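For reference, positions follow the sequence shown, starting with 1. No experiment lies behind these values; they were computed from the predicted model shown. Every heavy atom of this structure was used, including side-chain atoms; hydrogens, water molecules and symmetry mates were not.
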Amino acid sequence: MSLSNVVQQPGNTPTTAGAPTASGAHDTVTIRTKLRALIERRPVAAALGLFLANIVLVSSTGAVANTVASAVPQLPDFIAMCAGILGVIVLVSVLGWWRVVGFNDPATWRGLRVLALPAATFVLLPFVAGFRPVAPASTAFFILAYALTGFYEEVLYRGVLLRVLRPTGTTRVVFLVSVLFGASHLANVLFRNPFIVLAQAVGAFCDGVGLATLRLRTNTLWFVIGLHTLHDLFLHYTRLPKIPLDVVQDIIMLAYGLYLLRGLRAAERGK
């Protein structure tokens, strides 16, 4: 992908009643152009800066939420995630990257058959031993929370950061984005067992490799968001032991991602 869709700055026009609106649009275009140029010039530094800025935003919001809403379980985490979502929405909007990060129309999708194995892994495998019912109220909360989580993490990692790092090459972008995705889970070490947190980070890296290659192969973010959401959601409804199931799913996604990556590299060399 390239930055060929940068909006051109408007020329000089006479001052009118609509001048403030035109000035605001001009400022937005200027900021957009400068940000895109910076990202294009130093993609790794830009990706690391965006990653750290997101961590600071979410962590600081979570800390504040813990002081005012700690009486309600999971609410501080939810508030922190909402802050992260808002930050991502603002970033993508300022950059004008909604289509670039993968929110595109079906005419631009490709190779959707590669989604079959991940779909079976996340949708069918959890229920080979049956379905575990959950209270309707919990179901409503889970659907909302994991849909937002899938949107937030996929737009940030397989959307924005993947696009930022794309000039580094197919292999590097897949692994760099996955390393950042895994590292984002290490902040939990402040609240949970370090060994469990490390296992979560490794699992996130493995999933990240598979999801990043799916994003590149299908040329869209829609299905990756859906898979991420269903993966997290269905772990609450499986009768299988959650941790072993999650490990198996992580291994499958890592192996499948590496397999797809070979095809992506071959296609890149053939251009």
Side-chain angles (χ1 to χ4, degrees), residues 1-10 21-44 46-55 57-58 61 80-112 114-115 143-168 170 173-174 176-178 180-181 184 208 211-230 232 264:
M1 299 180 187
S2 67
L3 300 182
S4 58
N5 59 338
V6 174
V7 179
Q8 297 298 315
Q9 295 185 15
T21 301
S23 175
H26 181 276
D27 292 342
T28 300
V29 171
T30 301
I31 294 171
R32 177 176 299 171
T33 302
K34 290 181 177 179
L35 281 175
R36 288 179 170 183
L38 176 63
I39 289 169
E40 194 79 3
R41 188 165 59 251
R42 302 189 64 183
V44 175
L48 185 58
L50 292 172
F51 170 76
L52 292 175
N54 174 74
I55 294 295
L57 172 63
V58 173
T61 303
M81 182 180 65
C82 288
I85 291 172
L86 180 60
V88 168
I89 289 174
V90 170
L91 175 63
V92 177
S93 298
V94 169
L95 287 168
W97 270 7
W98 286 105
R99 286 185 177 276
V100 170
V101 299
F103 289 104
N104 43 17
D105 57 78
T108 62
W109 302 349
R110 60 173 182 260
L112 300 186
V114 300
L115 296 167
I143 291 174
L144 173 62
Y146 289 127
L148 291 175
T149 300
F151 173 85
Y152 165 50
E153 294 186 344
E154 292 310 316
V155 174
L156 177 60
Y157 291 96
R158 264 67 65 176
V160 174
L161 295 183
L162 185 143
R163 170 58 189 90
V164 170
L165 291 166
R166 195 68 180 90
T168 65
T170 300
V173 71
V174 167
L176 287 174
V177 167
S178 300
L180 292 176
F181 184 51
S184 69
L211 293 171
T213 52
L214 286 173
R215 162 68 181 92
L216 293 173
R217 281 293 297 269
T218 60
N219 194 41
T220 183
L221 198 63
W222 290 112
F223 295 102
V224 179
I225 292 174
L227 288 171
H228 188 148
T229 300
L230 294 177
D232 293 347
L264 286 169

Nearest heavy-atom approach of Arg36 to Leu95 is NH2-O, 2.6 Å

Give the C-alpha distance, both sets of side-chain angles, the deciding distance and a yes or no for side-chain contact (heavy atoms from CB on, under 4.5 Å) between Thr213 and Val114. CA-CA 10 Å; Thr213 52; Val114 300; over 6 Å; no

Before you tell me yes or no, could you show the steps for Thr229 and Thr149 under side-chain contact (heavy atoms from CB on, under 4.5 Å), namely the whole-Å CA-CA distance, both residues' side-chain angles and the distance that decides it to 0.1 Å? CA-CA 7 Å; Thr229 300; Thr149 300; over 6 Å; no

Is it the case that over 12 heavy atoms from other parts of the model lie below 6.0 angstrom from the CH2 atom of Trp98? yes

Taking atom CZ of Arg110 as the centre, does the number of heavy atoms from other residues, nucleotides or ligands within less than 6.0 Å exceed 12? yes

Spatial distance of atom CD (Glu154) from atom CG (Leu162) [nearest 0.5 Å]: 10.0 Å

Measure across Leu165 and Pro43 and return the closest heavy-atom pair with its distance rounded to 0.1 Å. CD2-O, 3.7 Å

When rounded to the nearest 0.5 angstrom, what is the spacing between CG in Leu148 and CD1 in Ile85? 4.5 Å

Distance (rounded to the nearest 0.5 Å) between Leu57 CG and Leu52 CG: 12.5 Å

Test side-chain contact (heavy atoms from CB on, under 4.5 Å) on Leu156 and Glu153; report intermediate values, then the result. CA-CA 5 Å; Leu156 177 60; Glu153 294 186 344; 5.9 Å; no

Is there a donor-acceptor pair closer than 3.5 Å between any side-chain N or O of Arg166 and the backbone N or O of Val173? no

CG/Leu214 to CZ/Arg217 distance, rounded to the nearest 0.5 angstrom? 9.0 Å

Check whether Thr108 reaches the backbone of Asp105 with its side chain - one donor and one acceptor, N or O, closer than 3.5 Å. yes

Please determine which of Leu91, Ile39, Leu35 meets the side-chain contact (heavy atoms from CB on, under 4.5 Å) test together with Trp97. Ile39

Looking only at atom types and distance, does a side-chain atom of Thr218 sit under 3.5 Å from a main-chain N or O of Gly111, one as donor and one as acceptor? no

Backbone of Gly150 reached by a side-chain donor or acceptor of Asp232 within 3.5 Å: no

Tyr157 vs Leu180 side-chain heavy atoms within contact, under 4.5 Å: yes

Yes or no on side-chain contact (heavy atoms from CB on, under 4.5 Å) for Leu221 and Arg215, after CA distance, side-chain angles and deciding distance? CA-CA 6 Å; Leu221 198 63; Arg215 162 68 181 92; 3.8 Å; yes

What's the separation between atom CH2 in Trp109 and atom CH2 in Trp222, rounded to the nearest 0.5 Å? 8.0 Å

Positive for side-chain contact (heavy atoms from CB on, under 4.5 Å) with Tyr152, one of Asn54, Ile225, Ile89: Asn54

Between Phe181 and Arg158, is there a cation-pi geometry (under 6.0 Å to ring centre, at most 45° from the normal)? yes

Quick check: closest heavy atoms across Gly208 and Ser178, and the distance to 0.1 Å? C-OG, 3.1 Å

Could you tell me the separation between the OH atom of Tyr146 and the NE2 atom of His228, rounded to the nearest 0.5 Å? 9.5 Å

